[in-house]
Amino acid sequence: MSGKRHHYLPQFLLSGFSHRRTGKDSYCWVYRRNQKPHESNIKNVGVEGYFYGKPETSKVDDIITQEEGEYAVQIQLMRNKGSLSAFTDTEISQLVVHLALRTRHVRKTFSSAVDQLVAEISEVMSDPDNVKRLMLNSIRNKPEILRESMIDELEERGIRGQLTPDQERRFLDFVQTIAPIIIEQSPETDNSMLLQALDLMKEKIPETMKSGHIRALGESSSPQQRVEHLSQLDWQVLVFPKHSIILGDVGAWAIKYGESEPTAFTWAGNNIELVVLPISHSHVLVGKTRSREFTLEAQYVNDVSASLSLDYFVSSRANANRQQLVETIGIKAMETINESIRDATDGLID
């Protein structure tokens with residue numbers, strides 16, 4: 001077991017962004033919003049107590065620690081050679097997926113998204129008229145939900161077997177017709193129990209997200225479906241001048257097929273045209289579709305990495321350019337979350 005301190009950004013990755021070493025210790029600069037940059041030992045960056053669970057309930061940290069040895073060697077070879085000739089596309093894809101999905105960024109963005117979604121629903125549900133409209137929309141736009149519910153009810157009461165197919169059809173058609181009238185004419189309902197349930201749900205979101213993340217990583221730190229998709233990309237290592245590249249807490253980011261705006265790898269799904277993972281202050285691992293033409297400049301890589309990160313980025317240099325990036329931390333990350341909420345609630349209440 002590797003102890004209480006679990007690195008969601010592994011030290012072998014962070015070491016590529018250090019600016020000095022003292023014995024076995026490496027140091028980098030950490031930039032956070034509304035704070036001055038500070039120098040930190042990388043062992044104190046990207047770490048959280050029992051992030052992958054306590055040893056008595058989870059073996060995820062042990063599994064990840066065992067896998068890290070091989071991934072650390074791969075990253076170092078990429079930095080030293082500036083090429084991928086020693087690796088298969090599958091090995092590269094496994095590395096990227098592993099590094100992307102184990103991060104705190106994954107857990108925190110999902111938690112924030114669900115939290116906002118529940119808040120939006122709570123606001124809607126606080127108005128009884130909205131509840132009626134929601135029920136009416138459901139009946140009108142997805143009639144199969146009501147029909148399936150009524151079939152289940154007939155089954156449970158032992159009535160369905162006593163009806164002919166024609167009688168059942170006419171009964172379901174009648175319910176489908178009369179239900180909107182009943183809802184529209186019903187008095188206001190007491191929503192307090194529903195709102196209490198939503199409040200309780202909000203309280204449990206962080207722990208629920210944590211346990212779900214740990215469970216998913218325990219099943220696989222590199223899900224096969226995502227690995228297979230990334231294996232179809234063309235991979236290369238881009239080499240930049242020393243101290244050009246930062247590493248955001250987002251880690252890997254991507255651009256989906258047919259789109260121009262980058263997003264965190266987590267939110268990109270499998271429909272990906274471009275994947276970017278900074279692996280040192282002068283090396284960036286890139287995968288792209290064969291049809292994708294692109295030119296990546298260091299400033300663009302840094303702008304995206306900072307804006308998609310939630311809390312901070314690390315750098316091998318402290319200068320004015322890095323300080324300017326601080327103001328962009330989290331901007332695109334929150335846009336992604338807000339967009340997902342809009343998509344989820346769009347048309348909820350007409």
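Values below: all heavy atoms of this structure, side chains included; hydrogens, waters and symmetry mates excluded. Along the sequence shown, residues are numbered consecutively beginning with 1.
- Using modelled atom types, no side-chain atom of Asn321 and backbone atom of Gln299 make a donor-acceptor pair closer than 3.5 Å.
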Item to check | Test log, rule side chain to side chain contact (heavy atoms under 4.5 Å, CB included), inputs Asp234 and Thr289 | outcome: CA-CA 6 Å; Asp234 286 339; Thr289 58; over 6 Å; no
Checklist entry - Stepwise, does the side-chain hydrogen bond (donor to acceptor under 3.5 Å, both in side chains) test hold for Asn270 with Glu228? => result CA-CA 9 Å; Asn270 290 326; Glu228 289 176 356; over 6 Å; no
Next on the checklist: side chain to side chain contact (heavy atoms under 4.5 Å, CB included) for Gln323 and Asn319? Distances and angles first, verdict last.
Outcome noted: CA-CA 6 Å; Gln323 191 59 46; Asn319 54 36; over 6 Å; no
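- Criterion: ILVMFWY side-chain heavy atoms under 4.5 Å apart, direct or through other members. Under it, Ile331 and Tyr300 are not part of a common hydrophobic cluster.
- Applying the 6.0 Å contact sphere to CZ of Arg20 captures more than 12 heavy atoms from other residues, nucleotides or ligands.
- Arg33 places a side-chain N or O within 3.5 Å of a backbone atom of Glu327 that can act as its donor or acceptor partner.
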Checklist entry - Where do Glu207 and Lys204 land on the side chain to side chain contact (heavy atoms under 4.5 Å, CB included) test, with the steps shown first? => result CA-CA 6 Å; Glu207 189 58 36; Lys204 293 183 176 293; 5.8 Å; no
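- Of the possible donor and acceptor atoms, none in the side chain of His38 sits under 3.5 Å from a partner among the backbone N and O of Gln35.
- A donor-acceptor contact closer than 3.5 angstrom is absent between the side chains of Asp89 and Gln232.
- Under a 3.5 Å cut-off, the side chain of His229 and the backbone N or O of Gly269 do not form any donor-acceptor pair.
- Judged purely by distance below 3.5 Å, without hydrogens or angles, the side chains of Asp62 and Gln66 never pair a donor atom with an acceptor atom.
- Remark: Glu259 CD to Glu273 CD distance equals 9.5 Å, nearest 0.5 Å.
- Under the side chain to side chain donor-acceptor pair (under 3.5 Å) rule, Ser316 has a single partner from Lys242, His19, Arg322, His243, which is His243.
- To the nearest 0.5 Å, atoms CG (Asn271) and CD1 (Ile255) are separated by 12.5 Å.
- Hydrophobic clustering (ILVMFWY, side-chain heavy atoms < 4.5 Å, transitive): Leu310 and Val326 are in distinct clusters.
- Remark: Asp173 does not engage Arg170 in a salt bridge, criterion side-chain N to carboxylate O under 4.0 Å.
- Remark: the backbone N or O of Tyr52 is paired with a side-chain donor or acceptor of Ser58 at under 3.5 angstrom.
- The two residues Ile245 and Ser280 have their closest heavy-atom pair at CB-O, 3.6 Å.
- If you run side chain to side chain donor-acceptor pair (under 3.5 Å) between Arg160 and each of Glu155, Gln167, Glu153, only Glu155 comes through.
- Taking the ring centroids of Trp29 and Phe313, they lie at or beyond the 6.0 Å cut-off.
- When side chains are defined from C-beta on, Leu296 counts as touching Val276, because their heavy atoms get closer than 4.5 Å.
- Note that Arg5 lies outside the cation-pi zone of Phe51, set by a 6.0 Å cut-off to the ring centre and a 45° limit from the axis.
- Note that Arg102 lies outside the cation-pi zone of Tyr8, set by a 6.0 Å cut-off to the ring centre and a 45° limit from the axis.
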Checklist entry - Would Lys256 and Glu261 satisfy salt bridge (Lys or Arg N to Asp or Glu O under 4.0 Å), going step by step from the backbone distance to the final call? => result CA-CA 8 Å; Lys256 294 188 283 188; Glu261 287 297 311; over 6 Å; no
Item to check | Derivation and outcome, side chain to side chain contact (heavy atoms under 4.5 Å, CB included), residues Leu154 and Phe171 | outcome: CA-CA 11 Å; Leu154 292 174; Phe171 171 74; 4.0 Å; yes
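- For the pair Thr328 and Asp303, the minimum side-chain heavy-atom distance is 4.5 Å or more.
- A distance of 11.0 Å separates CD1 of Ile279 from CG of Leu247, quoted to the nearest 0.5 Å.
- Under the side chain to side chain contact (heavy atoms under 4.5 Å, CB included) test applied with Asp311, the options Val250, Ile329, Asp249 reduce to a single match, Asp249.
- Between Lys43 and Leu14 the shortest side-chain heavy-atom distance does not fall below 4.5 Å.
- A donor-acceptor pair under 3.5 Å is absent between the side-chain atoms of Gln76 and the main chain of Val73, judged by distance alone.
- Between Ser282 and Pro241, every side-chain heavy-atom pair lies at or beyond the 4.5 Å cut-off.
- Residues Leu238 and Phe87 fall within the same hydrophobic cluster, defined by Ile, Leu, Val, Met, Phe, Trp and Tyr side chains chained together at heavy-atom separations under 4.5 Å.
- Between Tyr71 and His98, the ring-plane angle classifies as tilted under the 30° and 60° cut-offs.
- Distance check, rounded to the nearest 0.5 Å: OG of Ser112 to CZ of Arg107 gives 12.5 Å.
- Proximity of Val286 to Val237: side-chain heavy atoms (C-beta onward) are nowhere separated by under 4.5 Å.
- Residue Glu219 holds its CD atom at 12.5 Å from CD1 of Ile214, rounded to the nearest 0.5 Å.
- No donor-acceptor contact under 3.5 angstrom links the side chains of Trp253 and Thr263, judged on distance only.
- Residue-environment remark: CD (Gln225) stays at or below the threshold of 12 foreign heavy atoms within 6.0 Å.
- Panel note: side chain Ser40, backbone Ile42; no donor-acceptor pair is recorded below 3.5 Å.
- The six-membered or imidazole ring of Phe17 lies away from that of His281, with a centre-to-centre distance of 6.0 Å or more.
- Using a 4.5 Å heavy-atom cutoff, the side chains of Arg104 and Glu48 are in contact.
- Note on Leu285 and Leu77: same hydrophobic cluster, where clusters join Ile, Leu, Val, Met, Phe, Trp and Tyr whose side-chain heavy atoms are under 4.5 Å apart, directly or indirectly.
- Counting only heavy atoms from C-beta outward, the side chains of His283 and Phe240 never approach each other to under 4.5 Å.
- For the pair Ser221 (side chain) and Leu217 (backbone), a donor-acceptor distance under 3.5 Å is absent.
- Under the 4.5 Å side-chain criterion, counting only non-hydrogen atoms from C-beta, Tyr312 is in contact with Val45.
- Clustering ILVMFWY residues whenever any of their side-chain heavy atoms sit less than 4.5 angstrom apart, transitively, puts Leu13 in the very cluster that holds Val301.
- Applying the 6.0 Å contact sphere to OH of Tyr257 captures no more than 12 heavy atoms from other residues, nucleotides or ligands.
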